[in-house]
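In each ligand, atom 1 is the first atom listed, and ligand 1 is the first ligand listed. These figures come from a predicted structure and were not determined experimentally. No hydrogens, no waters, no symmetry mates; every other heavy atom, side chains included, goes into these values.
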Amino acid sequence: MAVQLYYFPIRGRGQAIRYICLDNDIELENVNIGAEWATKYKPLMPFGQVPVIEDGGVKVAQSCAILRYLGKKAGLKEPSDPLVAARVDMINDQGEDIRGAYVRMIYGNYETGKDDLIKDAKAETQFIETLMSGWGSDFITDTISFADYNLFDLLDILCVLSPGFLDEFPTLQAYFDRIAARPNIKKHRHSDEFKAWPVNGNGKQ
Ligand code: 0HH
């Protein structure tokens with residue numbers, strides 16, 4: 001039975017969830033909550049927000065909790081060394097800090113805040129570039145994890161916001177290209193469905 005994803009018909013915080021499912025052959029049904037969000041769906045969600053997935057009748061909320069759950073469901077390997085495993089969480093948390101600032105700018109002050117956001121996001125991304133070039137692995141660790149799908153989507157939206165964003169980050173550009181080339185992800189990104197979804201809910205990107 002398919003996992004259901006309750007979300008708006010946008011990329012937003014749903015997109016990394018879509019990637020992890022596609023790349024790991026987890027069947028996902030997108031439930032478009034757009035028209036009936038406030039009246040029908042919001043009261044049914046654990047925290048009154050989306051994304052939420054439902055698997056076997058049980059709902060999971062919070063995008064990173066959902067990604068972690070789906071990574072476990074897919075059987076993604078976790079490093080046995082706790083200090084290597086910690087890399088996944090620290091990069092994911094850094095990415096979430098960047099994403100949080102991005103979302104506040106997109107929905108709050110796009111016109112006046114975009115340039116500063118790009119500048120700050122570059123400074124924050126430089127830390128990731130430096131760490132990941134030192135670690136020298138294909139993904140955040142040697143094997144792909146939930147955080148790689150989240151970081152991949154974050155880098156993608158930053159490139160939409162600022163074309164050429166990754167030009168000064170060679171390790172992350174190669175990392176981005178590696179994930180974009182994974183067959184199911186590549187196919188999806190060329191699909192009409194993907195192209196039809198706006199990046200954000202207010203038309204700003
Ligand atoms: N920490 C949570 C997480 O990571 C944050 C969730 C969140 O902010 O899962 N959810 C928002 C939707 S994402 C929410 O539920 C932002 C996109 C908004 C697009 C809206 C319009 C789309 C029209 C096509 N917001 C609704 C709410 O809080 O009532």
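Contact annotation: P51 has at least one heavy atom less than 4.0 Å from an atom of ligand 1.
Scanning all heavy atoms of the two residues, the minimum distance from Q15 to H188 falls at NE2-NE2, 3.2 Å. Here the closest non-hydrogen pair linking I20 and L67 is CD1-O, 3.7 Å.
Close N/O approach between E96 and ligand 1 is not found [any backbone or side-chain N/O within under 3.5 Å]. Residue Y107 has no N or O atom closer than 3.5 Å to an N or O atom of ligand 1. When only interatomic distances are considered, the shortest N/O to N/O separation between Y7 and ligand 1 does not fall below 3.5 Å. Where the criterion is an N or O separation shorter than 3.5 Å, residue side chain and backbone included, C64 fails it with respect to ligand 1.
With respect to atom 3 (C) of ligand 1, the closest heavy atom belonging to the protein is Q62 OE1, 3.2 Å. If you check which protein heavy atom lies closest to atom 29 (O) of ligand 1, you get K42 NZ, 2.7 Å. Scanning all protein heavy atoms for the shortest distance to atom 10 (N) of ligand 1 gives V50 O, 2.7 Å. In terms of protein heavy atoms, atom 26 (C) of ligand 1 is closest to W37 NE1, 3.5 Å. Protein heavy atom at the shortest distance from atom 21 (C) of ligand 1 is G201 CA, 4.0 Å. Nearest protein neighbour of atom 4 (O) of ligand 1, counting heavy atoms only, is S63 OG, 2.5 Å.
Of the N and O atoms on the side chains of R18 and N30, at least one donor lies less than 3.5 Å from an acceptor on the other residue.
No donor-acceptor pair under 3.5 Å is formed between the side chain of K59 and the backbone N or O of I53. Looking at N32, its side chain does come within 3.5 Å of a backbone N or O of G34 through a donor-acceptor pair. Between the side chain of N202 and the main chain of K204, a donor-acceptor pair closer than 3.5 Å is present.
Legend: residues meeting side-chain hydrogen bond (donor to acceptor under 3.5 Å, both in side chains) with Q49, ordered by chain and number and at least two apart, are absent.
Residue Q49 holds the heavy atom nearest to atom 5 (C) of ligand 1 of all those in M45, Q49, R99.
With rounding to the nearest 0.5 Å, the separation of CZ in R189 from CZ in R182 is 13.5 Å.
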